[in-house]
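Notes follow once the structure below has been shown.
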Amino acid sequence: MAILLDSATKWLKDLADKSMDENTKIVIGISGGKDSTTVAALCKNVLGKEKLICVQMPCGEQSDIDVSNGVVDFIDPKERLVVNIKDIKADFAKVLNEVTKKDVASCGGVQTNLPPRIRMSVLYSIAALYGNCRVSCNGNLSEKYVGWTTIFGDFAGDFAPLSWLFVDEVQQLGKELGVNDEFVYKKPSDGMCGMTDEEKLGFLYSELKEYVQNPKGCNLSQELKDKIQKKIKFASFKHNLLNLPSFNPFNRKMEIL
């Protein structure tokens, strides 16, 4: 039984009925990961591929661009756009260097967060150019708990189908939508440092979910519990910044554990 798909379909249909019309289009940034793929597949399934504008936004050379291309081929949207943000990022950094007299290239915060914010600006600019569009937020609950998000970057948008789903639940929804395993189980990474998100975090997303759902009774070492709790607490200022229309089938709330 496609439990998540049935409830996600109802939620998106209700949202469309309340805040969209027959001409509204959905703008989706496609990275090649499971989140954007699942959101695109859900929107295609519920609203139809003719309503979709899929946007790929590599920053120079993208090592997994073949996967991203495969996602867009699978979705087969009405509009397929590619915007390489390499030059935008370089121009932005040049201006910042000149104004602040600082070295943008040596600032990890800028290097990590500038591309997602540029990408969101690109998506909203495309939405404005086409008119009557909604931009999807593709982030999931696991990322939100540990702050693996960029404020007003990848966690911005007009509606959020995945923001209350843990990684394994996103994968479940993707499978129910018929998304290929290649996309559903692709290890998430930022594409910059050569490590997966879980390798950088120092724990698995499955361990994060286990801790969140049962902080005191979970079967994890105290050292790992402390590491996860510290990460959640440090990221807590991000947890409720954006109040987007969100799919929340389990009526979850963000808590500092």
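Just so it is clear, the values below take in all heavy atoms, side chains as well, and ignore hydrogens, waters and symmetry mates. Along the sequence shown, residues are numbered consecutively beginning with 1.
One hydrophobic cluster, built from ILVMFWY side chains closer than 4.5 Å, cannot hold both Val83 and Ile75; they sit in different ones. Both Val27 and Tyr130 belong to a single network of hydrophobic side chains, linked directly or stepwise wherever heavy atoms of I, L, V, M, F, W or Y lie under 4.5 Å apart.
Heavy-atom contacts from other residues, nucleotides or ligands closer than 6.0 Å to CZ of Phe203 number more than 12. Within 6.0 Å of the CD atom in Glu98, the count of heavy atoms belonging to other residues, nucleotides or ligands exceeds 12. Environment of CG in Asn219: sparse, with no more than 12 heavy atoms of neighbouring residues, nucleotides or ligands closer than 6.0 Å. Counting heavy-atom neighbours within 6.0 Å of Glu223 CD, excluding the residue itself, gives a total of 12 or less. When the shell of 6.0 Å around CG of Asn243 is examined, it contains 12 or fewer heavy atoms from other residues, nucleotides or ligands. Residue-environment remark: CZ (Phe250) exceeds the threshold of 12 foreign heavy atoms within 6.0 Å.
The residues Glu169 and Arg252 are annotated as salt-bridged, a charged nitrogen and a carboxylate oxygen being separated by less than 4.0 angstrom. Using a cut-off of 4.0 Å between Lys/Arg side-chain N and Asp/Glu carboxylate O, Glu79 and Lys25 are scored as not salt-bridged. A salt bridge links Asp14 to Lys10: at least one charged side-chain nitrogen sits closer than 4.0 Å to a carboxylate oxygen.
In this structure, the side chains of Leu208 and Val167 stay at 4.5 Å or more apart for every pair of heavy atoms. Considering only heavy atoms from C-beta on, Lys186 stays 4.5 Å or farther from Thr37 through its side chain.
The minimum heavy-atom distance linking Pro245 with Leu15 is given by the pair CB-CD1, 3.9 Å. Residues Val82 and Pro58 share a closest heavy-atom pair of CG1-CD, 4.2 Å. For the residue pair Thr100 and Leu96, the shortest heavy atom distance occurs at OG1-O, 2.6 Å. Across all non-hydrogen atoms, the minimal contact from Asn97 to Lys102 is OD1-O, 2.6 Å. Minimum interatomic distance between Leu244 and Cys137 (heavy atoms only, all atoms of both residues): CD1-CB, 3.8 Å. Between Gly32 and Val71, the shortest heavy-atom contact is CA-CG2, 3.9 Å.
Without hydrogens or angle criteria, Asn140 side chain to Phe166 main chain gives no donor-acceptor distance under 3.5 Å. Between the Ser236 side chain and the Lys233 main chain, a donor and an acceptor come within less than 3.5 Å of each other. With hydrogens and angles ignored, the 3.5 Å screen pairs no side-chain donor or acceptor of Arg134 with any backbone N or O of Ala127. Between the side chain of Asp158 and the main chain of Val135, a donor-acceptor pair closer than 3.5 Å is present. No donor-acceptor pair closer than 3.5 Å links the side chain of Ser142 to the backbone N or O of Tyr205. Within the 3.5 Å criterion, the main-chain N or O of Ile3 finds a donor-acceptor partner in the side chain of Ser7. Checking side-chain atoms of Gln111 against main-chain N and O of Ser106 turns up no donor-acceptor pair under 3.5 Å. The backbone N or O of Gly29 sits nowhere less than 3.5 Å from a side-chain atom of Arg119 that would complete a donor-acceptor pair.
Here Lys238 contributes atom NZ and Phe155 contributes atom CZ; the two are 9.5 Å apart, rounded to the nearest 0.5 Å. Note: Cys54 SG to Lys49 NZ = 11.5 Å, rounded to the nearest 0.5 Å. Atom CG of Leu201 sits about 8.5 Å away from atom OG1 of Thr196, to the nearest 0.5 Å. The line from CG of Leu173 to NZ of Lys34 is 12.5 Å long, rounded to the nearest 0.5 Å. From Cys59, atom SG reaches atom CG of Asp87 across 9.0 Å, with rounding to the nearest 0.5 Å. Atom CG of Leu141 sits about 6.5 Å away from atom CH2 of Trp164, to the nearest 0.5 Å.
Under the ring-ring contact (aromatic ring centres under 6.0 Å, His included) criterion, Trp11 pairs with Phe247, not counting sequence neighbours. The salt bridge (charged side-chain N to carboxylate O under 4.0 Å, His left out) search around Lys78 returns none, not counting sequence neighbours.
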message: side chain to side chain contact (heavy atoms under 4.5 Å, CB included), that's the test. Do Phe159 and Ile26 meet it? Break it down for me.
response: CA-CA 10 Å; Phe159 66 106; Ile26 307 298; 3.7 Å; yes
message: One pair to check against side chain to side chain contact (heavy atoms under 4.5 Å, CB included): Arg117 and Ile151. What are the steps and the verdict?
response: CA-CA 8 Å; Arg117 291 184 176 127; Ile151 300 172; 4.0 Å; yes
task: Report the C-alpha separation of Ile232 and His239 in whole Å, then their side-chain angles, then the decisive distance to 0.1 Å, and conclude whether the side chain to side chain contact (heavy atoms under 4.5 Å, CB included) test is met.
output: CA-CA 9 Å; Ile232 291 174; His239 288 175; 3.9 Å; yes
message: With side chain to side chain contact (heavy atoms under 4.5 Å, CB included) as the criterion, how do Lys230 and Phe234 come out once you've worked through the C-alpha distance, each side chain's angles and the decisive distance to 0.1 Å?
response: CA-CA 6 Å; Lys230 181 179 180 180; Phe234 185 76; 5.6 Å; no
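One side chain, Gln56 or Asn69, offers a donor N or O that lies under 3.5 Å from an acceptor on the other. Using modelled atom types, one finds a donor on one side chain and an acceptor on the other under 3.5 Å when comparing Asn132 with Thr24. Looking at Glu210 and Asn214, their side chains never bring a donor and an acceptor atom within 3.5 Å of each other. There is a side-chain donor-acceptor pair under 3.5 Å between Ser136 and Asn138.
Geometrically, Lys44 engages Phe74 in a cation-pi contact, judged by NZ or CZ lying under 6.0 Å from the ring centre and within 45° of the ring axis.
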Donor-acceptor list for residues 177-185 side chains, cut-off 3.5 Å, not counting sequence neighbours:
residue	atom	partner	partner atom	Å
Asp181	OD1	Lys175	NZ	2.4

